[in-house]
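For the numbers below, each heavy atom of this structure counts, side chains included, while hydrogens, waters and symmetry mates do not.
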Amino acid sequence: MKKTICLFTGQGSQYPGMSKTMVSKYFDAQKYFQIASKLTNIDLEDICFGTKTKLLEHTQYSQVAIAVYEYVLYAWC
């Protein structure tokens with residue numbers, strides 16, 4: 001049986017531009033970002049790699065961005 005271990009990063013691992021490549025290459029990534037944005041009323045794409053990347057310094061945005069980013073990474077594997 002093959003076993004997989006996933007290690008997720010936490011607060012402080014966020015950076016402007018995170019997930020931009022993944023969203024452009026993996027269609028479902030964009031879908032997950034859109035779902036999370038709708039549920040939280042936060043424009044995650046704009047915060048992660050758009051015009052509002054400065055907001056990544058704030059916990060209420062970075063925690064959501066990191067969670068979605070890592071979920072997409074997990075789903076991609």
Side-chain angles (χ1 to χ4, degrees):
M1 174 189 323
K2 181 180 174 183
K3 294 182 180 183
T4 302
I5 294 175
C6 298
L7 179 63
F8 298 110
T9 60
Q11 184 81 24
S13 63
Q14 72 275 12
Y15 59 92
M18 65 185 260
S19 69
K20 185 173 185 173
T21 302
M22 188 170 48
V23 167
S24 69
K25 292 183 178 186
Y26 181 51
F27 176 75
D28 284 344
Q30 185 176 22
K31 179 179 75 174
Y32 292 128
F33 271 83
Q34 289 170 348
I35 290 169
S37 292
K38 188 173 184 178
L39 290 172
T40 60
N41 202 28
I42 297 171
D43 187 348
L44 287 175
E45 291 182 65
D46 199 22
I47 291 171
C48 289
F49 46 83
T51 62
K52 297 180 181 176
T53 57
K54 191 77 171 156
L55 291 176
L56 279 174
E57 296 174 7
H58 301 279
T59 299
Q60 67 265 33
Y61 302 111
S62 63
Q63 291 293 328
V64 175
I66 292 167
V68 174
Y69 175 73
E70 291 176 345
Y71 178 79
V72 172
L73 286 175
Y74 175 76
W76 201 0
C77 294

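Gln60 pairs by the side-chain contact (heavy atoms from CB on, under 4.5 Å) definition with His58, not counting sequence neighbours. Residues meeting the ring pair (Phe, Tyr, Trp, His ring centres under 6.0 Å) test with Tyr71, sequence neighbours left out: Tyr32. Taking Tyr26 as the reference, Trp76 meet the ring pair (Phe, Tyr, Trp, His ring centres under 6.0 Å) condition, with sequence neighbours excluded. The side-chain hydrogen bond (donor to acceptor under 3.5 Å, both in side chains) search around Gln34 returns none, not counting sequence neighbours.
Screening residues 13-36 for salt bridge (charged side-chain N to carboxylate O under 4.0 Å, His left out), with sequence neighbours left out, gives Asp28-Lys31. Listed by first and then second residue, the salt bridge (charged side-chain N to carboxylate O under 4.0 Å, His left out) pairs involving residues 56-77 are Lys54-Glu57 (not counting sequence neighbours).
We find the CD1-CG distance between Ile66 and Leu73 to be 11.5 Å, quoted to the nearest 0.5 Å. Met22 contributes atom CE, which lies 5.0 Å from atom OH of Tyr69 (distance to the nearest 0.5 angstrom).
Annotation for Val23 and Ala29: closest pair CA-CB, 3.9 Å, computed over non-hydrogen atoms.
Side chain of Gln14 to main chain of Ser62: no donor-acceptor pair is present (N/O by atom type, distance under 3.5 Å, no hydrogens or angles).
Using a 4.5 Å cut-off between side-chain heavy atoms of Ile, Leu, Val, Met, Phe, Trp and Tyr, Phe8 falls into a hydrophobic cluster with Tyr74.
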Using atom types as modelled, flag every donor-acceptor pair under 3.5 Å from a side chain in residues 36-50 to any protein atom, sequence neighbours excluded.
unit_1	atom_1	unit_2	atom_2	d
Ser37	OG	Phe33	O	2.8
Ser37	OG	Ile42	O	2.9
Ser37	OG	Leu44	N	3.0
Thr40	OG1	Ala36	O	2.7
Thr40	OG1	Ile42	N	3.4
Asp43	OD1	Asp46	N	3.3
Asp46	OD1	Thr51	N	2.6
Asp46	OD1	Thr51	OG1	3.0
Asp46	OD2	Thr51	OG1	3.2

